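Quick notes on the structure that follows.
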There are 2 protein chains.
Amino acid sequence: MVKEKIRDKNERKQAVLEHIIDTYVRTAVPVSSKMVSELMGTNLSSATIRNIMAELEEEGYITQPHTSAGRIPTSTGYRKYVDRIKADVHIERKRAEKLEKEYISRIRTIKNVIEKTSFLISRELHNAGIVMWPSVSDFYLRQIEFIKVRAETILAILVTMTNDVRNYMIKLDKDLESAELRKIANFINTNYEGQAFSQAFTGIKNLVEKRSADSEEITGIADSVLEIIDSIMDETIENDVYWDGFNFFAEEPEFQNINTTRKVIQLFSNREYLTALMKKELPKKDLNIYIGKENLSDMLEDCSVVTCGYNMRGRTVGRIGVVGPTRMDYGLAISTVQFLSEVVGTKLDEI
Amino acid sequence: MVKEKIRDKNERKQAVLEHIIDTYVRTAVPVSSKMVSELMGTNLSSATIRNIMAELEEEGYITQPHTSAGRIPTSTGYRKYVDRIKADVHIERKRAEKLEKEYISRIRTIKNVIEKTSFLISRELHNAGIVMWPSVSDFYLRQIEFIKVRAETILAILVTMTNDVRNYMIKLDKDLESAELRKIANFINTNYEGQAFSQAFTGIKNLVEKRSADSEEITGIADSVLEIIDSIMDETIENDVYWDGFNFFAEEPEFQNINTTRKVIQLFSNREYLTALMKKELPKKDLNIYIGKENLSDMLEDCSVVTCGYNMRGRTVGRIGVVGPTRMDYGLAISTVQFLSEVVGTKLDEI
DNA sequence: TTTAGCACTCGAGCATAATGAGTGCTAAAT
DNA sequence: ATTTAGCACTCATTATGCTCGAGTGCTAAA
C-alpha cells in the first residue's frame with residue numbers, strides 16, 4: 001500500500017514536470033503553479049502544485065529565473081522528460097506519409113537524399129537540420145577510372161552505385177602509362193563492382209600483396225597499385241557534414257540574447273566542431289540527445305542536439321539530426337529525426 | 001576670387017565630412033562638433049564646425065540620431081566620401097607584400113586560390129569575404145574524359161589546366177559504346193587542349209555541324225557529340241560563390257540590433273541572393289560599391305558591399321569582395337579588395 | 001566670417017513608487 | 001496525512017520624476 005502511494009505521488013510529480021516543460025516549450029515564458037494547476041485535469045490547487053514544484057526544484061529539475069517568476073526546466077529536467085518519453089514517441093501516420101512523399105521526385109543520388117533530408121528537418125522542426133554523409137569508403141563501387149593528368153600525377157574517379165561521383169588527385173612515385181592505368185581500372189571494375197569501396201580496397205591490397213594468381217594482370221605494377229589504393233583510402237575515410245535552416249534560429253526568442261546568438265554563429269562558422277560531434281556518435285544507430293550543458297562545448301550550452309544514425313545495406317554509415325535551442329519540442333524532434341533516419345536508410349538502399 | 005573662396009569652403013566642408021566618417025567608422029559613436037574641431041588642425045572653433053555640420057545635414061550627408069547627439073554619416077554621405085577617395089586609395093607596400101606572401105604555399109588549384117582569398121579578405125577587413133568562382137566555361141581544358149555509367153548515361157569529367165575537376169552526369173538519347181566515348185574524348189583532347197572550355201565547345205559544335213573534314217573520326221556519332229556538348233555547356237555556365245568570415249559580423253556593435261542581425265543571417269542563409277548580386281556586376285573588371293540603402297534588398301540595407309572583378313588570361317571571369325556593416329573602413333576595404341583581385345589574377349595565370 | 005556665450009534639447013543614469021505575478025509558509029480543513 | 005485557503009513577501013516591470021552633461025542652434029559681438 002505504501003509503495004502504491006509513492007508511485008502515485010511520483011507520477012503526479014512527473015506530470016507536473018511534463019506540463020511545465022510542454023508549456024514552456026510552447027510559450028517561452030516561465031510557468032506558474034496556477035497555470036499547471038489549470039492544465040492538470042485533476043482538481044489540485046495551485047498551492048499543492050507549489051509544494052510539488054518546490055520538490056522538483058529541490059531535485060534540480062526546474063528553476064526560477066527570479067523569485068517572483070514561474071519555473072523553467074533545467075537541463076536535468078529536460079533530460080528526465082526526454083528519457084521518459086523517448087521510448088514511446090511515435091510519429092503520426094499522416095505526418096509520416098506526408099514526409100515520405102517529399103522524397104518522390106528527383107532522388108537519384110546520395111547528395112539528393114542528404115540535401116532533401118536536412119531541408120525537411122529544418123522545415124519541420126524550425127531549427128537547423130544537419131546531416132552527415134556516409135564516408136566514401138562506405139559507398140558501393142559502380143566504376144573506377146584513372147586519368148593521367150601529367151607525369152606521375154593521376155586523377156582517380158570513383159562512381160558509386162548511387163551515381164555520386166568523387167575524384168582525387170594523386171601524386172605517384174613512379175610514372176604510369178594510360179594503358180597501365182586502364183588495366184588497373186579494368187581489373188578493379190570487373191572484380192569488385194557492387195562492393196563497398198572499403199571492402200574492395202582491402203580486397204585488392206590483400207590480393208596484390210600476396211601476388212595472388214588472380215591478380216596476374218597487374219603484377220608488374222603491383223607497387224603502384226598499392227600506392228594508389230592507399231592514397232584513395234586516406235581520402236575516402238572522411239565524413240562530410242551538410243546543414244540547412246540555420247536562419248530559423250534568428251526567429252527564436254532565445255535569439256534576443258546577444259550572447260547566445262554569438263555562440264550559435266560561432267558554432268555554425270566552424271565546420272569542424274559539428275563534424276566532430278556527429279562523428280563521435282557515428283558507429284551507433286541509436287538516437288542520441290545532448291541537452292544544453294550536457295554539450296561539452298560552450299558554443300552549444302544553450303542548444304540541444306538530437307541525432308540518429310541511418311543505415312545503408314544494414315550498416316550504420318551516417319547520422320542525421322537537428323540543432324536548436326534547449327527549449328525545443330523534443331517529442332517532435334525525436335519522432336521526426338528517428339523517422340527520417342529510417343527513410344534515409346530505405347532511400348539509400350533503393351537508389 | 002569668388003570661385004577661389006567657394007572652393008576653399010567646399011574643401012573645408014568635405015574635410016569635416018571626412019573627419020566625421022573616419023571617426024565614426026573607428027568608434028561607432030556619433031561625432032560631435034567639438035571632436036571635429038579638435039581633429040582639424042586648423043583652429044576653427046566648434047561653433048564654426050557646427051555651422052558647417054548644419055549645412056552638411058541640410059545636404060543629406062550626415063544625420064543626428066537624436067537632438068542632443070553628434071552626427072553620423074548617411075548612405076549619401078558615405079557615397080560622397082567613397083567617390084572622393086576611391087581614385088587615390090592605394091595599398092601600402094608592406095601590406096601588399098605581406099598579403100602576397102600568403103599565397104606561397106599549396107596554391108595549386110583555383111579552389112585553393114578562392115578559399116585563400118576569401119579567408120584573407122575576411123581576416124584583413126574583419127568582415128565576410130566573398131569570392132565568385134569563374135564559370136567552368138572560362139576554365140582551360142587540360143583533359144576531358146567520358147565514362148559510360150550505364151546505358152544512355154555517361155559521366156563527363158573535365159580536368160582544367162589548373163587541375164580543378166568537374167563532373168557532370170549526362171543522360172543521352174542514344175546509347176554509346178565506351179570505344180566511341182574514348183574516340184570523342186580523344187578528339188577533343190588532341191584538338192582543344194589548352195583552350196577555354198567555352199571556346200573549345202563552340203569550336204567543336206561548328207566543326208561537327210559543318211561535318212568538316214577535320215572531324216571525320218567522329219562523323220558517325222555527330223548527333224551524340226552535339227548532345228553531349230550542349231548538356232555540358234548548360235552546366236558549366238554557372239558561377240559559384242564561396243564565402244568566409246561571416247562570424248566577424250557577430251563582433252560588430254551593429255550586431256546588438258536584433259533586426260539587423262536577423263537580416264544579415266537571412267542574407268547568408270540564402271545563397272542565391274549573393275550570387276545574383278555578384279553575377280550582375282560580373283562582366284566589368286571595375287571596383288563596385290553598394291552602400292546601405294543603395295542595395296536593392298532589405299537584407300542588405302544596413303550593409304555595404306565592395307567588390308572587384310579579377311582576370312584570368314586577360315578576361316574578367318569572376319569577382320571578389322567584402323560584405324560588412326555600412327560603418328566600414330572603405331579605404332581599407334577598397335585597397336584590399338582591389339589589390340587582392342590583382343593577386344588572384346596573377347595567381348590564376350601562374351598555376 | 002568667425003566665435004564666444006547661452007539657452008535649449010534630449011538621452012542616460014538613477015532613485016522612487018506602484019503594480020501584479022508568483023512564490024513560500026502557516027494554520028485550518030478534509 | 002494531505003490538501004488548501006490565506007497572507008506576507010519578493011522582485012521584475014513599468015512609470016515617473018529628477019539631475020547631469022553632451023551636444024546643439026542661435027544670437028550678438030569680435
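In what follows, every heavy atom counts, from backbone to side chain, and hydrogens, waters and symmetry copies are set aside. Residue numbering restarts at 1 for every chain, and letters A, B, ... go by the order of the sequence lines. Just so it is clear, the model here is predicted, and its values are computed rather than measured.
- Straight-line distance from the CD atom of E58(B) to the P atom of dT24(D): 16 Å, rounded to whole Å.
- For S45(A), taking side-chain heavy atoms from C-beta onward, the closest of the listed nucleotides dT23(C), dT2(C), dT4(D) is dT4(D).
- Rounded to an integer number of Å, the gap from CE of M53(B) to C1' of dT2(C) is 17 Å.
- The nearest whole Å value for the distance from the CG atom in L44(A) to the P atom in dA5(D) is 11 Å.
- Taking side-chain N and O atoms only, R12(A) has no distance below 4.0 Å to OP1 or OP2 of dT2(D).
- With respect to K263(A) and D302(A), a salt bridge is recorded, a charged nitrogen being found less than 4.0 Å from a carboxylate O.
- Set against dG23(D), dT4(D), dT23(C), the side chain of S32(B) has dG23(D) as its closest nucleotide.
- Residue T48(A) places at least one side-chain N or O under 4.0 Å from the OP1 or OP2 atom of dT4(D).
- Side-chain atoms of H66(A) lie closest to dC11(D) of the nucleotides dC11(D), dG5(C), dG25(D).
- Taking side-chain N and O atoms only, R50(B) has no distance below 4.0 Å to OP1 or OP2 of dT27(D).
- The base-pairing partner of dG11(C), taking Watson-Crick or G-U wobble contacts with both distances under 3.5 Å, is dC20(D).
- Map N51(B) and S68(B) each onto its nearest nucleotide of DNA chain D; the residue landing nearer the 5' end is S68(B).
- Protein atom NZ of K13(A) is 15 Å distant from nucleotide atom C1' of dT2(D), rounded to whole Å.
- Between K34(B) atom NZ and dG25(D) atom P there is a gap of 17 Å when expressed in whole angstrom units.
- Contact record, G129(B) with I121(B): CA-CG2, 3.7 Å, taken as the closest heavy-atom pair.
- Atoms CD (E55(A)) and P (dG24(C)) sit 12 Å apart, rounded to a whole Å.
- No engagement by S46(A) is indicated, since no non-hydrogen atom pair under 4.0 Å with the nucleic acid exists.
- Here dT2(C) presents its C1' atom at 11 Å from CD1 of I49(B), a figure rounded to the nearest Å.
- Closest approach to the T67(B) side chain among dT3(D), dT9(C), dG24(C) is made by dT9(C) (side chain taken as heavy atoms from C-beta onward).
- If you take OG on S335(A) and CG on L125(A), they are separated by 7.5 Å, rounding to the nearest 0.5 Å.
- In this structure, dA30(D) and dT1(C) make a Watson-Crick or G-U wobble pair, each of the two defining distances being under 3.5 angstrom.
- Between I52(A) atom CD1 and dT3(D) atom C1' the separation is 10 Å, expressed in whole Å.
- Heavy atoms of other residues, nucleotides or ligands lying less than 6.0 angstrom from NZ of K13(B) number more than 12.
- Taking 4.0 Å as the cut-off between side-chain N and carboxylate O, R319(B) and E281(B) do not count as a salt-bridged pair.
- A sub-4.0 Å separation between OP1 or OP2 of dG25(D) and a side-chain N or O of R71(B) is present.
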